Amino acid sequence: MSYDHKNIEKKWQQRWEREGVFYASDASDKEKYYCLIEFPYPSGAGLHIGHPRSYTGIDIIARKKRMEGKNVLYPIGWDAFGLPTENFAIANHRKPQEVTKENTDTFRRQLQSLGFSFDWSREINTTDPEYYKWTQWMFLQFYKASMAYKAKTKINWCLSCKIGLANEEVVNGVCERCGGQVEKRDKEQWMIAITKYAQRLLDDLDTVDYLPKIKKQQQDWIGRSEGAEVDFKVSNSDEVIRIFTTRPDTLFGATYMVLAPEHELVGRIVKDEYRIEVEAYVSEAGKKTDIDRADATKEKTGVFTGAYAINPVNGKEIPIWVADYVMMGYGTGAIMAVPAHDERDFEFAKKFDLPIVEVVQSDERVDGCFAGEGTAINSNFLDGLSTNEAKEKITAWLTEKGLGKATVNFKLRDWVFSRQRYWGEPIPLVYCDKCASTGSASGDGWVPVPDDQLPVLLPEVEKYEPTDDGESPLSAISEWVNTKCPKCGGEARRETDTMPNWAGSSWYFLRYLDPKNNEVFADKSKIGYWMPVDLYNGGMEHTTLHLLYSRFWHKFLYDQGFVSTSEPYVRRHSHGLVLADDGHKMSKSKGNVINPDEIVEKYGADALRMYEMFMGPFEEPVPWSTNGLLGIARFLDKVVRLKEMVRGSEEDVVTRMLHKTIKKVTEDIDGLRFNTAVSQMMIFVNDVQASGSITKESFLKFLLLLCPFAPHLSNELAEQLGVESCLETNQWPEFDASLIVDQVVTIAVQVNGKLRGEIQASPNSTQAEVEALARADENIAKHLEGEIKKVIYVSGKLMNFVV
RNA sequence: GGGCGAGUGGCGGAAUUGGUAGACGCGCAGGACUCAAAAUCCUGUGGUAGCAAUAUCAUGAGGGUUCGAUUCCCUCCUCGCCCACCA
């Protein structure tokens with residue numbers, strides 16, 4: 001670099017801090033603008049080169065909005081609870097608190113070296129007791145509203161982490177964190193009833209401005225499907241099997257039933273002579289990992305129970321099977337099988353030689369199974385009806401007879417909220433035997449820790465490893481576990497589970513609004529002023545987890561009257577990963593990691609920021625290229641040299657290009673098209689260089705445009721030109737529309753759609769004038785022999801002769 | 001298997017209410033400056049033919065609509081991400 005980036009950067013970072021340029025005032029006449037990035041998990045590896053991509057993009061928007069006169073809040077904090085820190089602490093015999101402190105110190109230094117316009121006075125940390133006090137308090141609101149409950153469930157148990165995982169944390173049947181094997185295990189867990197909000201989480205997507213792919217992914221995850229519940233009586237028994245189906249119109253084609261292996265009825269209905277075989281199958285299925293079971297390509301398995309059910313529509317006896325292609329977690333864990341019209345049932349029926357009865361006729365003849373819609377046949381009173389009509393009629397019939405009803409089913413499961421780990425927020429509940437027996441604690445014996453005793457602090461422990469029985473390490477500290485019941489004062493025990501790290505991140509954007517408040521999590525008037533978040537940027541990987549959880553959490557707070565809007569985020573955008581230069585993910589093991597500290601040291605923060613904006617479209621993954629970074633460094637050097645060209649006047653082309661650049665950069669920033677904004681600034685600088693002169697006024701306007709991208713250098717150059725204030729406190733430049741219009745335009749001339757020449761003309765010349773000019777062109781005239789059938793003219797752009 | 005997205009020079013990418021394909025940057029080649037180098041500046045740079053003017057081919061493959069298609073439609077291939085026996 002030809003300029004002293006190290007000193008310049010330090011100088012301006014100190015001045016911004018000293019003058020409080022990025023301080024967001026809670027009392028302002030200006031219109032507010034709240035932009036947010038996902039606060040980082042401070043890992044031991046330090047800042048990834050990908051972090052600054054998202055942060056710079058939103059920083060550019062924050063800086064521009066300030067210059068446009070908005071009161072901007074752009075905060076930062078640390079999502080610091082979590083397994084990697086805990087695992088590091090275990091491996092190195094360190095306290096997670098100390099490790100977290102070191103990591104956040106590193107991240108803070110690294111982020112500050114990049115000159116982001118964060119309001120550092122609002123920095124938060126989810127592991128700070130003053131923060132997690134409110135996470136605990138909010139959990140208690142869920143509990144008090146009967147939204148948190150303890151349930152014995154089959155949970156995903158990671159054998160290596162020794163931890164229960166939410167469904168969302170099991171990826172392809174293995175642990176999302178460590179890649180280890182996952183098995184099913186029974187465990188009492190705290191659950192939060194997110195499914196009660198499924199419909200609203202779906203409906204309210206219509207009220208927000210998210211990228212379409214983000215909405216789609218949330219819709220699919222919530223997974224609403226309409227259908228019917230139908231009760232099948234078990235022959236010679238009082239038992240009833242309830243099933244869910246999206247195709248009640250195919251009821252006449254149900255030729256057998258299937259229960260999931262975990263279904264409670266299996267043991268009760270199985271006939272003695274089949275019991276051994278069935279029990280063996282069920283136990284085998286329990287041992288299977290999800291990855292085996294979810295492999296749709298493998299052959300279906302199952303066993304007959306010896307029992308029969310009665311198809312309610314025709315009284316026919318149909319056999320009841322147990323098979324692991326039916327999941328306990330969806331619908332009722334039992335299905336009616338219609339092999340003629342369901343691929344899986346068809347495959348199963350073929351293998352076990354079960355009857356296949358066609359009840360839907362399709363227009364086109366299909367071999368095997370037809371899962372589409374058509375006309376009902378072999379279905380008694382449904383015959384001749386379309387699929388939709390048949391669905392309606394049969395559902396009405398079932399309802400009338402008390403055999404079933406229309407139902408809506410969601411894929412979304414309730415949120416497993418317990419972790420048997422140390423490094424998380426303790427769940428602030430106490431179990432009291434006495435209160436449980438007297439029924440004074442709502443009957444279940446769990447008593448909330450009173451608000452004035454929050455936070456329930458994480459105690460110091462010797463060892464952080466989970467215990468072998470899977471309980472949290474907290475359970476080993478008897479002086480912490482044993483406590484007094486807040487209700488009756490008797491002997492009681494603390495809950496030793498902690499919360500998942502999705503808890504603290506579900507509401508952090510609210511704490512930014514009032515980070516030091518000891519009375520409430522945030523003052524209501526501040527929430528009223530700042531919320532909702534105007535722009536939230538983050539990774540696609542958080543779409544179904546963090547983004548959905550935090551929407552849900554916020555809706556709950558809204559229902560409780562604690563926040564002012566039912567949706568937390570107005571607009572959601574996503575950024576692409578920064579890959580290694582070989583196109584793969586950066587990883588220590590591959591040795592292809594780029595360290596941001598080294599880049600800042602060598603090329604400067606401005607070069608890194610601007611390169612990350614230029615490397616490609618904001619949303620797309622892009623490989624790193626140090627050569628590309630060099631190109632940006634050269635561009636910044638050129639900008640420095642532009643100062644030598646400042647004169648009293650400039651050519652008209654420079655003025656016009658400046659105004660075009662103002663327009664383009666303004667629009668591109670609003671649309672998060674940072675790469676083309678940078679490219680436009682390069683074009684401008686090239687033009688000025690070619691022309692050799694620029695006025696001070698124009699150069700300053702350009703520096704204002706450059707400021708959000710390369711804030712240190714543009715401030716420094718502006719100061720050298722006599723500007724005393726920080727550029728960030730100046731007005732964003734406006735363009736003169738009359739200077740955008742070109743005086744001479746180039747019109748492409750085609751013959752039969754092929755380019756044969758170009759002509760220069762005034763932008764308001766008539767078609768006849770342009771045609772005359774075109775015909776005068778030798779090369780064009782050459783191709784115009786023969787009859788001209790048609791002339792197409794796009795004003796100021798193109799003329800096409802059809803011959 | 002399903003959903004979403006994407007395939008454009010040696011590389012990152014630009015251009016879509018259908019209107020000059022390859023902006024901008026990297027890389028490469030030649031030149032200027034220099035004793036030399038770095039830096040900087042200038043010129044060139046999709047393929048083929050040609051000294052050139054120019055012609056012709058070209059946006060994953062093949063068809064279609066159109067005066068005109070990277071953009072719209074159909075079929076197929078490849079890659080990425082997400083989900084995955086969801087009844």
Side-chain angles (χ1 to χ4, degrees), chain A residues 2 168 171-173 211-214 216-217 219-221 223-225 227 243-247 250 258 260 290-291 293-298 300 323-327 329-338 341-345 347-348 371 409-412 540-541 543-544 576-577 579 581 583 611 614-617 619-632 634-635 637-638 641 673 675-683 685-686 689-690 746-758 778-779 782 789-803:
Chain A
S2 68
E168 294 89 320
V171 176
N172 293 330
L211 288 179
K213 62 178 173 180
I214 296 176
K216 179 83 169 65
Q217 214 168 300
Q219 284 160 359
D220 290 351
W221 191 263
R224 183 183 201 273
S225 58
I243 61 103
F244 172 73
T245 177
T246 54
R247 291 295 299 270
T250 61
V258 184
D290 271 11
I291 199 164
R293 203 166 150 178
D295 183 0
T297 58
K298 72 150 189 7
K300 297 219 166 2
D324 67 4
Y325 81 92
V326 173
M327 302 286 145
Y330 185 77
T332 61
I335 61 157
M336 65 172 195
V338 185
H341 306 290
D342 181 282
E343 301 279 357
R344 294 151 304 173
D345 298 346
E347 201 188 314
F348 193 81
N409 227 306
F410 294 96
K411 276 198 251 183
L412 188 68
M540 280 306 287
E541 69 275 20
T543 302
T544 51
L577 291 176
L579 306 170
D581 54 9
Y611 171 61
F614 183 60
M615 65 199 309
E619 277 177 72
E620 304 291 327
V622 202
W624 175 266
S625 158
T626 301
N627 272 332
L629 175 77
L630 267 164
I632 292 290
R634 265 177 230 151
F635 165 74
D637 281 341
K638 269 193 207 179
R641 288 196 299 273
R673 294 182 298 268
N675 54 333
T676 49
V678 174
S679 139
Q680 180 64 34
M681 287 190 272
M682 288 173 168
I683 293 170
V685 169
N686 289 345
Q689 191 173 275
T746 304
I747 294 171
V749 182
Q750 299 178 334
V751 178
N752 288 341
K754 293 204 174 196
L755 185 70
R756 296 301 178 188
E758 288 176 347
E778 202 179 314
N779 193 49
K782 202 167 72 187
K789 286 187 194 157
K790 203 169 161 190
V791 180
I792 288 138
Y793 180 57
V794 181
S795 182
K797 270 196 162 172
L798 174 140
M799 173 163 283
N800 188 15
F801 293 96
V802 185
V803 299

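Naming convention: chains lettered A, B, ... in sequence-line order (proteins, then strands); numbering from 1 in each chain. If you're wondering where the values come from, they're calculated on a predicted model, not measured in any experiment.
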TODO: Could you work out the separation of B:rA21 and B:rG46 based on their P atoms and round it to a whole Å?
DONE: 14 Å
TODO: Give a yes/no on whether any side-chain N or O of A:Gln689 is located under 4.0 angstrom from OP1 or OP2 of B:rC41.
DONE: yes
Task: A:Lys638 vs A:Met682, side chain to side chain contact (heavy atoms under 4.5 Å, CB included): CA-CA, chis, key distance, verdict - done: CA-CA 9 Å; A:Lys638 269 193 207 179; A:Met682 288 173 168; over 6 Å; no
Task: Watson-Crick or G-U counterpart of B:rA6, or none if no pair lies under 3.5 Å - done: B:rU78
Open item on the list: Is it the case that the side chain of A:Arg247 and the backbone of A:Ala371 share a donor-acceptor pair, with hydrogens and angles ignored and the cut-off at 3.5 Å?
Closed with: yes
Open item on the list: Suppose we define a pair by two distances each less than 3.5 Å, Watson-Crick or G-U wobble; what does B:rG1 pair with here?
Closed with: B:rC83
Open item on the list: Taking the basic N atoms (NZ, or NE/NH1/NH2) and the acidic carboxylate oxygens, is any pair closer than 4.0 Å for A:Asp220 and A:Lys216?
Closed with: yes
Open item on the list: So, does A:Asn675 get its side chain near the phosphate of B:rG13, meaning an N or O under 4.0 Å from OP1 or OP2?
Closed with: no
Open item on the list: With a cut-off of less than 4.0 Å, is there a side-chain N or O of A:Arg634 near OP1 or OP2 of B:rC26?
Closed with: yes
Open item on the list: Within the 3.5 Å criterion, strictly below it, is a donor on A:Asn800 or A:Tyr793 matched to an acceptor on the partner's side chain?
Closed with: no
TODO: Determine which nucleotide pairs with B:rA55, using a 3.5 Å limit on both distances of a Watson-Crick or G-U wobble pair.
DONE: B:rU48
Open item on the list: Using the C1' atom as the point on both nucleotides, what is the distance between B:rA32 and B:rU71, in whole Å?
Closed with: 43 Å
- [ ] Scan side-chain atoms only and decide if A:Tyr330 and A:Ser225 contain a donor-acceptor pair under the 3.5 Å cut-off.
- [x] yes
Task: Span that lies between the P atom of B:rU70 and that of B:rU20, in whole angstrom - done: 10 Å
- [ ] Considering only atom C1', compute the distance from B:rC33 to B:rU43 and round it to an integer number of Å.
- [x] 15 Å
Open item on the list: Does a side-chain N or O of A:Lys754 approach OP1 or OP2 of B:rC57 to a distance below 4.0 Å, or not?
Closed with: yes
Open item on the list: It should be established whether A:Asn779 places a side-chain nitrogen or oxygen under 4.0 Å from OP1 or OP2 of nucleotide B:rA55.
Closed with: yes
Task: Base-pairing mate for B:rA15 - Watson-Crick or G-U, with both contacts under 3.5 Å - done: none
Task: Phosphate OP1/OP2 of B:rU56: any A:Arg756 side-chain N/O under 4.0 Å - done: yes
Open item on the list: With rounding to the closest Å, how many angstrom separate the P atoms on B:rU17 and B:rC72?
Closed with: 10 Å
Open item on the list: Using the C1' atom as the point on both nucleotides, what is the distance between B:rU8 and B:rG60, in whole Å?
Closed with: 10 Å
TODO: Give none if B:rC35 has no partner; otherwise give the nucleotide forming a Watson-Crick or G-U wobble pair with it, both distances under 3.5 Å.
DONE: none
Task: Whole-Å P distance, B:rU16 and B:rG27 - done: 28 Å
Task: Passing candidate, side-chain contact (heavy atoms from CB on, under 4.5 Å) with A:Ile335, options A:Asp342, A:Val258, A:Thr245 - done: A:Val258
- [ ] Using both distances under 3.5 Å as the test, list the Watson-Crick or G-U wobble partner of B:rG68, or none.
- [x] none
Task: side-chain N/O A:Arg673 vs B:rA14 OP1/OP2, d < 4.0 Å - done: no
Task: Same-atom distance (C1') from B:rA53 to B:rU34, integer angstrom - done: 39 Å
- [ ] If B:rA21 has a Watson-Crick or G-U wobble mate with both distances under 3.5 Å, name it; if not, just say none.
- [x] none
Open item on the list: Can you say whether a donor on the side chain of A:Asn800 sits under 3.5 Å from an acceptor on the base of B:rC67, or the other way round?
Closed with: yes
Task: Under 3.5 Å donor-acceptor pair, A:Lys789 side-chain atoms to B:rC67 base atoms - done: no
